[in-house]
Amino acid sequence: MKLNLLVAVFLLIGLSSCKPRKAIDFKETIAQNERRLFGILLSKDSPKERKLKCLINDNFKGALQAIDTIEQQFNALIKETSSLPVDGVVQGDEVKMAAVNYYTALRNLHTFDRQEISWLEMNNDKDAEKVRKAQDELLQQNYKKKTFFQQVYDTEQALDKELKGFDKANGL
């Protein structure tokens, strides 16, 4: 009798300690995507760093090519995240959409630099009127960029909230 009770207790403990494998794999994929994201933006020799080096050297064409690379890498990350399977993963769809929205907001922020670069290029013109116009436009562009930063902040907060809910719902 005691043996049956002991086996039942161990069985209940074993079953209650099991974590959903699909949820763990899904969360690990999201974490890998975050690491890829930081690689795009912050790693040594990243396209973002190449863009900055090009701007320092007044190589506007090279900076625009780096932005194209950033956009391609973000598009691949967004596409991969959008295609993640969420079957059998509680709140997986919500996390997936929040991650896609966050990556999209970051892509929009970092590709907005194209417009700034065109005005920076005009800023090097010898015509004083063109330079003044370019400087005025750069100020307006910086004001517009503020909205992109706010979108990134908002979508990052939404992703964090969804991840916390995901952990709770899946017992992680």
**Q** Taking only residues two or more places apart in sequence, or in another chain, which ones meet F166 in a ring-ring contact (aromatic ring centres under 6.0 Å, His included)?
**A**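 With sequence neighbours excluded, F166 shows a ring-ring contact (aromatic ring centres under 6.0 Å, His included) to F26, given in chain and number order.
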**Q** Hydrophobic clustering (ILVMFWY, side-chain heavy atoms < 4.5 Å, transitive) - are L77 and L41 grouped together?
**A**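 L41 clusters together with L77.
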**Q** Rounded to the nearest 0.5 Å, what separates atom OG in S43 from atom CG in L37?
**A**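 One finds 11.0 Å between OG of S43 and CG of L37.
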**Q** Could you pull out all residues at least two apart from I67 that satisfy side-chain contact (heavy atoms from CB on, under 4.5 Å)?
**A**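 I67 satisfies side-chain contact (heavy atoms from CB on, under 4.5 Å) with K51, T111, D113, R114, I117 only.
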**Q** With sequence neighbours left out, write down each residue that passes side-chain hydrogen bond (donor to acceptor under 3.5 Å, both in side chains) with E156, or none if nothing qualifies.
**A**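 Applying side-chain hydrogen bond (donor to acceptor under 3.5 Å, both in side chains) to E156 gives none.
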**Q** Of all residues at least two apart in sequence or in a different chain, which pass the side-chain contact (heavy atoms from CB on, under 4.5 Å) check with A169?
**A**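 side-chain contact (heavy atoms from CB on, under 4.5 Å) list for A169, sorted by chain: V90, Q91.
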**Q** Considering residues at least two apart in sequence or located in another chain, which fulfil the side-chain hydrogen bond (donor to acceptor under 3.5 Å, both in side chains) criterion with E34?
**A**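 Once residues adjacent in sequence are excluded, the partners of E34 under the side-chain hydrogen bond (donor to acceptor under 3.5 Å, both in side chains) criterion are Y103.
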**Q** Would you call the rings of F148 and F112 parallel, tilted or perpendicular, where under 30° means parallel and over 60° means perpendicular?
**A**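 It falls in the tilted class, 30° to 60°.
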**Q** Hey, what do you get for CD1 (I40) to CD (Q72), rounding to the nearest 0.5 Å?
**A**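 Taking CD1 in I40 and CD in Q72, the distance rounds to 11.0 Å.
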**Q** Working to the nearest 0.5 angstrom, can you tell me the gap between F38 CZ and N33 CG?
**A**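 One gets 12.0 Å once the value is rounded to the nearest 0.5 Å.
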**Q** Mind checking what makes side-chain contact (heavy atoms from CB on, under 4.5 Å) contact with D93, not counting sequence neighbours?
**A**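 Residues passing side-chain contact (heavy atoms from CB on, under 4.5 Å) with D93: V86, K96.
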**Q** As a test of understanding, state which of V100, V95, T29 forms a side chain to side chain contact (heavy atoms under 4.5 Å, CB included) with L84.
**A**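 When side chain to side chain contact (heavy atoms under 4.5 Å, CB included) is applied between L84 and each of V100, V95, T29, only T29 qualifies.
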**Q** Mind checking the CG-NZ spacing from L42 to K48? Nearest 0.5 Å is all I need.
**A**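 One gets 9.0 Å once the value is rounded to the nearest 0.5 Å.
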**Q** Would L109 and Y102 show up in the same hydrophobic cluster when neighbours are defined by side-chain heavy atoms closer than 4.5 Å?
**A**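 Cluster IDs for L109 and Y102 match.
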**Q** Let me confirm one number: the CG-NZ distance from L163 to K27, rounded to the nearest 0.5 Å.
**A**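 So the CG of L163 and the NZ of K27 are separated by 6.0 Å.
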**Q** Please check if the side chain of E49 supplies one atom and the backbone of D45 the other of a donor-acceptor pair under 3.5 Å.
**A**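 Yes, the answer is positive, given that a donor and an acceptor are paired below the 3.5 Å cut-off.
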**Q** If you compare all heavy atoms of A63 against all heavy atoms of C54, which two are closest, and at what distance to 0.1 Å?
**A**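 Smallest heavy-atom distance, with atoms named: N-CB, 3.5 Å.
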**Q** Do Q150 and D154 have a side chain donor and acceptor closer than 3.5 Å?
**A**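 There is such a pair (donor and acceptor under 3.5 Å, judged by atom type) between the side chains of Q150 and D154.
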**Q** Provide the closest heavy-atom pair for S46 versus G39 in the form atom of the first, atom of the second, distance.
**A**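 Distance-wise, the nearest heavy atoms are CB-O, 3.4 Å.
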**Q** Can you name the closest pair of heavy atoms from V152 and T155 and give their distance?
**A**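 V152 and T155 have their closest heavy atoms at O-OG1, 3.1 Å.
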**Q** May I ask whether F149 and L159 are part of the same hydrophobic cluster, defined by side-chain heavy atoms of I, L, V, M, F, W, Y residues being less than 4.5 angstrom apart, directly or through others?
**A**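 Both belong to a single hydrophobic cluster.
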**Q** Going from CD on Q32 to CD on E80, what distance comes out if it is rounded to the nearest 0.5 angstrom?
**A**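 Answer for the CD-CD pair, Q32 versus E80, is 8.5 Å.
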